Amino acid sequence: MSNAEPSVSEQHEIRLQKLEELRKMGVNPYPFSFDVTHTSKQILENPDLIKKDDQADEDAPQVSIAGRVMTRRIMGKSAFFNLQDSEGTIQVYIRRDDIGTEEYNTVFKKLTDIGDVVGIKGHVFVTGTGETTVFAKEFTFLSKALRPIPIPKEVEDEEGNVKVYDAFSDKEQRYRQRYLDLIVNPEVRDVFRQRTRMVQAMRDFMNDKGYLEVETPILQPIYGGASARPFVTHHNALDMQLYLRIANELYLKRLIVGGYDGVYEFSKDFRNEGLSRFHNPEFTQVELYVAYKDYNWMMDFVEALLEHVAIELHGTTKVTTGGHEIDFKRPWPRIPMFEAIEKETGKDLYGKDLEELKRIAAELKVELEEGAGKGKIIDEIFGEYVEPKLIQPTFITDYPIEMSPLAKKHRSKEGLVERFECICNGKEIANAFSELNDPIDQRERFEEQARLRSEGDEEAMALDEDYLRALEFGMPPTAGLGIGIDRLAMIMTNSTSIRDVLFFPQMKPEAN
RNA sequence: GAGCCGGUAGCUCAGGUGGUAGAGCAACGGCCUUUUAAGCCGUGGGUCGAGGGUUCGAUCCCCUCCCGGCUCACCA
């Protein structure tokens with residue numbers, strides 16, 4: 001190692017010295033384990049643990065807790081401190097005469113800092129001010145923190161409102177040092193618990209229906225299933241180029257060909273595009289494919305699924321997010337895309353040719369990229385005039401065929417496919433089709449994509465010969481669905497940025 | 001990628017129209033055996049994001065760059 005020791009703060013220096021002192025005293029600052037019998041929450045919620053007036057200390061129920069020291073209030077020969085564990089915070093009372101003079105004066109008072117992890121054994125009592133507190137009889141060092149943690153101060157006024165001073169609030173630091181964010185900001189821990197519960201609720205819902213959770217390749221020789229630019233990598237032994245998946249659609253449908261009736265996968269997908277409040281280069285989707293169903297059935301399913309999720313997380317179908325109250329109660333409006341556009345703009349785009357669409361776009365002041373096709377223009381108009389207005393969950397159905405090379409042609413409307421998106425809070429959260437299972441039609445659609453690609457559309461799909469071969473063996477009629485987990489988590493946790501629902505959002509490296 | 005805003009002590013922030021900086025919390029030394037933003041007395045801690053320019057002198061002025069936030073554009 002040729003790197004120089006990084007310079008450390010004064011407080012870091014002092015803590016390194018304390019670490020040495022602990023070792024000299026024969027105290028292991030990093031022991032191997034500690035027997036925990038209770039969490040803070042279990043103690044606070046169980047009054048039976050509190051010592052009775054007529055009991056001796058050692059006859060009262062004994063508890064053993066562990067966590068991080070968050071505050072210290074030392075009053076000479078006794079002290080209070082708050083201990084934070086995974087479920088909350090509890091106050092500890094500690095006295096010299098109970099744990100011993102050296103243990104108290106040196107190990108606790110002198111060498112223990114805010115941020116250190118310690119274990120406490122003792123009984124539970126209620127202080128004069130009415131706070132349930134653990135009375136320490138044993139104090140065990142569990143881990144020395146060498147860096148000081150930022151301590152927000154919470155003050156409660158007479159009405160019980162909590163004010164936080166000096167919160168650890170710098171977003172850059174919170175994202176880069178998420179561990180610290182989680183230690184110091186309890187509401188952040190809650191957001192991620194909610195996210196996990198959300199995924200769990202979805203998984204349970206699908207498992208109850210008998211669908212099979214599967215895993216499919218992340219490294220793919222041909223990327224497909226969506227329109228996006230991929231990350232490219234290389235396999236050394238095979239000496240071949242591979243792509244990180246942008247979607248797993250084509251693999252899951254191969255499994256439907258293989259005979260499963262329902263398969264789903266929570267998948268990390270990767271798209272080599274810009275970052276924003278709504279975009280991270282790696283993100284999570286759940287995709288589900290169910291045989292013998294169509295997109296009408298899938299709309300019923302999505303309603304039921306998300307209503308279930310809202311109730312599991314919030315106990316009600318109503319979720320407050322971004323200043324709106326969103327109600328996931330079934331049923332939701334189902335509006336064909338062209339009707340939705342006509343309602344907002346007064347323009348009927350159905351059946352219009354490219355020139356007419358361009359003229360309407362210009363009238364509506366929608367800016368278009370060079371060479372935008374029909375589907376693209378319609379999508380732009382929709383995105384500008386309709387999408388932001390859809391706050392309550394709404395199905396938009398029947399998309400132009402140009403935008404959807406993997407969806408089945410509409411059973412009655414020329415030029416459209418059987419596709420829907422669910423829009424909520426002004427953003428797409430789900431996308432689904434009656435899956436295209438006609439191998440000849442699918443080949444033509446791929447060929448059209450190839451044409452677009454040769455004209456410079458980098459996001460056009462590549463022709464996947466093996467996928468066509470699979471379809472040629474016969475895929476049953478199938479309904480397919482994709483739901484953006486991060487965006488749904490944003491709605492369900494009232495988060496305004498995708499970074500707030502990802503533990504470790506993509507960041508540029510820190511400057512030295 | 002473009003525009004706007006920001007980066008000062010471990011954290012949250014002040015400040016200075018050029019003479020190397022302050023507060024609260026945190027830390028350090030004392031006092032204090034039911035406190036809870038504990039209290040009281042005292043002390044230390046900063047290459048003011050990085051580099052360059054102007055200047056006797058730059059944290060401040062100028063230029064370039066790095067990092068972040070928000071907004072906009074593509075995308076889920």
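Lettering follows sequence order; numbering is per chain, from 1. If you're wondering where the values come from, they're calculated on a predicted model, not measured in any experiment.
- Rounded to an integer number of Å, the gap from A:Leu180 CG to B:A26 C1' is 13 Å.
- One interatomic measurement links the two molecules: CE of A:Met507 to P of B:G68, which rounds to 5 Å at whole-angstrom precision.
- Here B:C25 presents its P atom at 16 Å from CZ of A:Arg72, a figure rounded to the nearest Å.
- The separation between A:Leu275 atom CG and B:G69 atom C1' is 13 Å, rounded to whole Å.
- Between A:Arg15 and B:A27 there is no side-chain N or O to OP1 or OP2 distance below 4.0 Å.
- Side-chain N/O atoms of A:Thr127 and base N/O atoms of B:U35 include a donor-acceptor pair closer than 3.5 Å.
- The neighbour count for A:Arg147 CZ, taken as heavy atoms of other residues, nucleotides or ligands under 6.0 Å away, does not exceed 12.
- Using the Watson-Crick or G-U wobble rule with both distances under 3.5 Å, B:C65 pairs with B:G49.
- Judged by closest nucleotide on RNA chain B, A:Gln506 is the one of A:Gln506 and A:Gly484 placed further toward the 5' end.
- Spacing between B:U12 and B:G30 at atom C1', rounded to whole Å, works out to 28 Å.
- Nucleotide B:G69 holds its C1' atom 9 Å from the CG atom of A:Asp170, rounded to whole Å.
- A 3.5 Å limit on both hydrogen-bonding distances identifies B:A27 as the Watson-Crick or G-U partner of B:U43.
- Shown here, B:U55 forms no base pair; nothing in the strands shown gives a Watson-Crick or G-U wobble contact with both key distances under 3.5 Å.
- Regarding A:Lys109, its NZ atom lies at a distance of 10 Å from the C1' atom of B:G30, rounded to whole Å.
- When the P atom is compared between B:C48 and B:U20, the two are found 14 Å apart, to the nearest whole Å.
- Between A:Gln173 and the phosphate of B:C11, there is a side-chain N or O to OP1/OP2 separation shorter than 4.0 Å.
- Nucleotides B:A50 and B:C67 have their P atoms positioned 15 Å apart, rounded to a whole Å.
- In terms of phosphate contacts, A:Lys18 brings a side-chain nitrogen or oxygen within less than 4.0 Å of OP1 or OP2 of B:C28.
- Residue contacts shown for A:Gly76 include a base, since a base heavy atom lies under 4.0 Å away.
- A donor-acceptor contact under 3.5 angstrom links the side chains of A:Arg419 and A:Asn431, judged on distance only.
- Within 4.0 Å of A:Arg277, counting heavy atoms only, lie sugar-phosphate atoms of the nucleic acid but no base atom.
- Listed nucleotides: B:C74, B:U35, B:G68. Nearest to the side chain of A:Glu380: B:C74.
- Considering only side-chain atoms of A:Tyr93, the nucleotide from B:U34, B:G29, B:C74 that sits closest is B:U34.
- One P atom belongs to B:C70, the other to B:U35, and the distance between them is 44 Å to the nearest Å.
- Nearest to the side chain of A:Glu131, among B:U35, B:G68, B:A27, sits B:U35.
- Across B:G39 and B:C32, the matching C1' atoms stand 9 Å from one another, rounded to whole Å.
- Where A:Pro148 and A:Ala79 each meet RNA chain B at their nearest nucleotide, the meeting point lying more 5' is that of A:Pro148.
- For the OP1/OP2 pair of B:C70 and a distance below 4.0 Å, the side-chain nitrogens and oxygens of A:Lys171 include at least one atom meeting the criterion.
- B:G3 is paired with B:C70 under the criterion used here, namely a Watson-Crick or G-U wobble arrangement in which both key atom distances are under 3.5 Å.
- Counting any heavy atom pair closer than 4.0 Å across all strands shown, A:Phe125 reaches a base atom.
- When the C1' atom is compared between B:U8 and B:C60, the two are found 11 Å apart, to the nearest whole Å.
- With a cut-off of 3.5 Å on both Watson-Crick or G-U wobble distances, the partner of B:G18 is given as none.
- Annotation: B:A58 and B:U54 have their C1' atoms spaced 10 Å apart (nearest Å).
- Distance, A:Lys365 NZ to B:C72 C1': 19 Å, rounded to whole Å.
- More than 12 non-hydrogen atoms from other residues, nucleotides or ligands lie less than 6.0 angstrom from CZ of A:Arg72.
- In this structure, A:Ile429 reaches neither bases nor backbone, as no heavy-atom distance under 4.0 Å exists between it and the strands shown.
- A:Gln177 comes within contact range of no nucleotide atom at all, as no heavy-atom separation falls under 4.0 Å.
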List the steps and the verdict of ring pair (Phe, Tyr, Trp, His ring centres under 6.0 Å) for A:Phe205 and A:Phe301.
-> CA-CA 10 Å; A:Phe205 191 87; A:Phe301 179 88; 5.5 Å; yes
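- In this structure, A:Lys376 reaches the sugar-phosphate backbone alone: every heavy-atom distance under 4.0 Å involves primed, P, OP1 or OP2 atoms, never a base.
- In terms of phosphate contacts, A:Arg499 brings a side-chain nitrogen or oxygen within less than 4.0 Å of OP1 or OP2 of B:G69.
- For the OP1/OP2 pair of B:U35 and a distance below 4.0 Å, the side-chain nitrogens and oxygens of A:Arg73 include no atom meeting the criterion.
- Considering only the side chain of A:Ser497, B:C70 comes nearest among B:A26, B:C70, B:C28.
- Ring geometry, A:Phe81 versus A:Phe108: the interplanar angle falls from 30° to 60°, so the pair is classed tilted.
- The listed nucleotides are B:A38, B:U35, B:G68; the one nearest the side chain of A:Thr71 is B:A38.
- For A:Phe278 and A:Phe283, the gap between ring centers reaches or exceeds 6.0 Å.
- Remark: side-chain polar atoms of A:Asn185 are paired, donor with acceptor, to backbone N or O of A:Phe168 under 3.5 angstrom.
- Among the nucleotides B:U12, B:U35, B:A27, the one closest to any side-chain atom of A:Ser169 is B:U12.
- Contact between A:Ile151 and A:Met70 at its shortest, heavy atoms only, is CD1-O, 3.5 Å.
- Atom CZ of A:Arg176 and atom P of B:G7 are 16 Å apart (whole Å).
- Remark: aromatic rings of A:Phe135 and A:Tyr93 are close, center separation under 6.0 Å.
- Applying the 6.0 Å contact sphere to NZ of A:Lys365 captures no more than 12 heavy atoms from other residues, nucleotides or ligands.
- When heavy atoms are screened at a 4.0 angstrom cut-off, A:Asn280 is found touching base atoms of the nucleic acid.
- Checking B:A38, B:G10, B:C32 against the side-chain heavy atoms of A:Ile74 singles out B:C32 as nearest.
- Distances from the side chain of A:Met75 to the nucleotides B:A27, B:G68, B:C32 place B:C32 closest.
- At the heavy-atom level, A:Glu10 lies under 4.0 Å from base atoms of the strands shown.
- The partner of B:A37, taking Watson-Crick or G-U wobble pairs whose two distances both stay under 3.5 Å, does not exist in any strand shown.
- Using C1' as the reference atom, B:G22 and B:A14 are 7 Å apart when rounded to the nearest Å.
- For B:U35, the base has a donor-acceptor partner in the side chain of A:Gln91 [N/O atoms by modelled type, under 3.5 angstrom].
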